[in-house]
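Structure record follows, encoded as structure tokens.
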Amino acid sequence: MSGKNYDVVIVGAGIVGAACADEGARRGLRIAVVDREAISSGATAAAMGHIVVMDDSEAQFALTRYSQQLWRQLRPDLPDDVEYEECGTIWVAADEEEMVEVRRKHDYYGSRGVPTQVLDPQALQRLEPNLRGGLAGGLLVPEDGVLYPPCAARFLIERAQQGGAKLYFGCPVSRIGHEYVGLADGSKLSAGIIVNASGACAPDLTPGLAIKKRKGHLVITDRYPGFIRHQLVELGYLKSAHALASDSVAFNVQPRRTGQVLIGSSRQYGAEHSEVDSNILSRMLQRAQEYMPALGAMSALRTWTGFRAATPDKLPFIGPWPGDTSLFMATGHEGLGITTSLGTARILLDQITGTKSEIPIEAYLPSRLAAEHVHA
Ligand SMILES: Cc1cc2nc3c(=O)[nH]c(=O)nc-3n(C[C@H](O)[C@H](O)[C@H](O)COP(=O)(O)OP(=O)(O)OC[C@H]3O[C@@H](n4cnc5c(N)ncnc54)[C@H](O)[C@@H]3O)c2cc1C
């Protein structure tokens, strides 16, 4: 493995690396994807697969909305096992204070062309009869969806392969940059562009990259068809996602096509091991039952954890790494990488091929947070 074999070598075959490989191959570039294991060996296999528009910031909104629309366009090509369902999200409001947030979100989304519907308590109960009584209402975002992330990543990788991409699986990478990828066995791949898409492990290959691991737990139940119909998320989820220091849990449940219910979610910094933490798990399930008491009578089949790649400003790193013109980042997607993988791939390949992007890209450039490192 030597000589300049590829235009682009992508390190990481999670959903982000897979989407970048697909986009690169579709643009006619010679692509290689390298992973120490195989497709979806990191957060992608652990994720919920909620395709969701979020509005923490204009930049977050732009990337999530752009990506949600790209998923909707891709839908006719997705194989059945990707289980894409446009079930919509309901943001559940527990009280009047949260209804203020419902109305703010409704105005924000509406003014940017995203259809939403404000639900009063009766409408909420009609749509989701297993929610407890006494809730204040909610916001329905009907164009949000769900999918099964490992199969979505596999679809993208296979399409990239059909477009000529080469896969190097079972190949741990130990060094990247300056037009080459060094593998742990001492061999090298060379390319004009190297993309670090190794998720929460990205700082191991690019020291100075401001990413912290943020652990999450999920539980999947046995089959209870029709128990819920939408992705249901408490508005307090936003407080949980924003909490910087403490562990947090929030009610976040998803209907799977199989009739199973996927129950989340938790967020923890500083937890580096993948074991299930029984304390945080019971807090998470208790929170879920506060909103849906009948969940308590269900059988859980499996519990697992995964690591989100969290950045200080909650936006991913998409673009060149300062100081090395051959090195690009596509990482730091925290809890939104399934959603934003397709938009990330477009923006990244736009930069690599010198094409103007359909949304502004400045907010995602790694240089915004790399300045201290570069000048240190
Ligand atoms: C509990 C949980 C729930 C989530 N729910 C959602 C959701 O509902 N919606 C949503 O949009 N997002 C969700 N996310 C976030 C989403 O899972 C991630 O943002 C996304 O999967 C990141 O994909 P990635 O390709 O960047 O990284 P990963 O999927 O982590 O892939 C990185 C790959 O790099 C490889 N790698 C790492 N280091 C090396 C190395 N040195 N050499 C070679 N290969 C290497 C790994 O083997 C891995 O395959 C969730 C995350 C968690 C943890």
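Computed from heavy atoms alone, side chains included, the values below leave out hydrogens, waters and symmetry copies. One is the number of the first residue; the rest follow in order along the sequence. Both counts, for ligands and for their atoms, begin at 1 and track the order of listing.
Looking at atom 5 (N) of ligand 1, its nearest protein heavy atom turns out to be Met48 N, 3.1 Å. When hydrogens are left out, the protein atom nearest atom 30 (O) of ligand 1 is Ala43 N, 2.9 Å; that is the closest non-hydrogen contact. Distance from atom 20 (C) of ligand 1 to its nearest protein heavy atom, with residue and atom name: Gly337 CA, 3.9 Å. Atom 44 (N) of ligand 1 has its closest protein heavy atom at Arg36 N, 3.0 Å. Here the protein heavy atom with the shortest distance to atom 9 (N) of ligand 1 is His50 O, 2.9 Å. The protein heavy-atom contact nearest to atom 15 (C) of ligand 1 is Glu334 O, 3.0 Å. Counting only heavy atoms of the protein, atom 17 (O) of ligand 1 lies nearest to Ala47 CB, 3.1 Å. For atom 49 (O) of ligand 1, the closest heavy atom belonging to the protein is Asp35 OD2, 2.6 Å.
When each of Asp7, Asp350, Asp22 is paired with Arg27, the salt bridge (charged side-chain N to carboxylate O under 4.0 Å, His left out) condition holds for Asp350 and for no other. None of Arg267, Lys213, Lys212, Lys314 except one satisfies the salt bridge (charged side-chain N to carboxylate O under 4.0 Å, His left out) rule with Glu334; the exception is Arg267.
For the pair Ile90/Gln231, no side-chain contact is recorded, criterion being any heavy-atom separation below 4.5 Å from C-beta on. Inter-residue side-chain proximity for Gln260 and Leu301 is flagged as met; some heavy-atom pair is nearer than 4.5 Å.
Between the side chain of Ser357 and the backbone N or O of Ile361 there is no donor-acceptor pair closer than 3.5 Å. A distance-only check finds no donor-acceptor pair linking the side chain of Gln268 to the backbone of Arg214 [under 3.5 Å].
Here Tyr148 and Tyr84 keep their ring centres 6.0 angstrom or further from each other.
The local environment of CZ in Arg175 is sparse, with at most 12 non-hydrogen atoms from other residues, nucleotides or ligands closer than 6.0 Å.
Between Lys215 and Glu275 there is no salt bridge, since none of the side-chain N atoms of the basic residue sits less than 4.0 Å from a carboxylate O of the acidic one. Glu58 has a carboxylate O that lies under 4.0 Å from a charged side-chain N of Arg112, or vice versa, which qualifies the two as a salt bridge.
On a distance-only criterion, Ile15 and ligand 1 share at least one N/O pair closer than 3.5 Å. For the pair Gly216 and ligand 1, the shortest N or O to N or O distance does not fall below 3.5 Å. The shortest N or O to N or O distance between Ala200 and ligand 1 is not below 3.5 Å. Ligand 1 has no N or O atom lying under 3.5 Å from any N or O atom of Cys171, backbone or side chain.
Every atom of ligand 1 is numbered from 1 in the order shown, and the set under 4.0 Å from a heavy atom of Arg308 is 1 (C), 2 (C), 51 (C), 52 (C), 53 (C). Every atom of ligand 1 with a heavy atom of Leu336 under 4.0 Å away is listed here by number and element: 10 (C), 11 (O), 12 (N), 15 (C). Under a 4.0 Å criterion applied to the non-hydrogen atoms of Cys201, ligand 1 contributes the atoms 37 (C), 38 (N). Near Val16, with a cut-off below 4.0 Å to any heavy atom, the atoms of ligand 1 are 23 (O), 24 (P), 25 (O), 26 (O). Heavy-atom contacts of Ala197 reach the following atoms of ligand 1: 32 (C) (cutoff under 4.0 Å). For ligand 1 and Thr339, the ligand atoms under 4.0 Å from any heavy atom of the residue are 10 (C), 11 (O). Atom numbering of ligand 1 starts at 1 in the shown order; those under 4.0 Å from a heavy atom of Gly306 are 53 (C). When each atom of ligand 1 is checked for a heavy atom of Thr44 under 4.0 Å away, the hits are 21 (O), 23 (O), 25 (O), 28 (P), 29 (O).
Taken from CZ in Arg36 to SG in Cys201, the straight-line distance is 4.0 Å, to the nearest 0.5 Å.
In this pair, Tyr6 and Tyr168 present their aromatic rings perpendicular. The plane angle is above 60°, beyond the 30 to 60° band.
Taking only non-hydrogen atoms, the option from Ser41, Ser198, Ala38, Pro172 nearest to atom 36 (N) of ligand 1 is Ser198. Of the listed residues (Pro150, Ser40, Gly335, Gly14), the one carrying the non-hydrogen atom nearest atom 14 (N) of ligand 1 is Gly335.
Figure legend: cation-pi geometry between Arg287 and Tyr291 absent, as NZ or CZ is not positioned both under 6.0 Å from the six-membered ring centre and within 45° of its axis.
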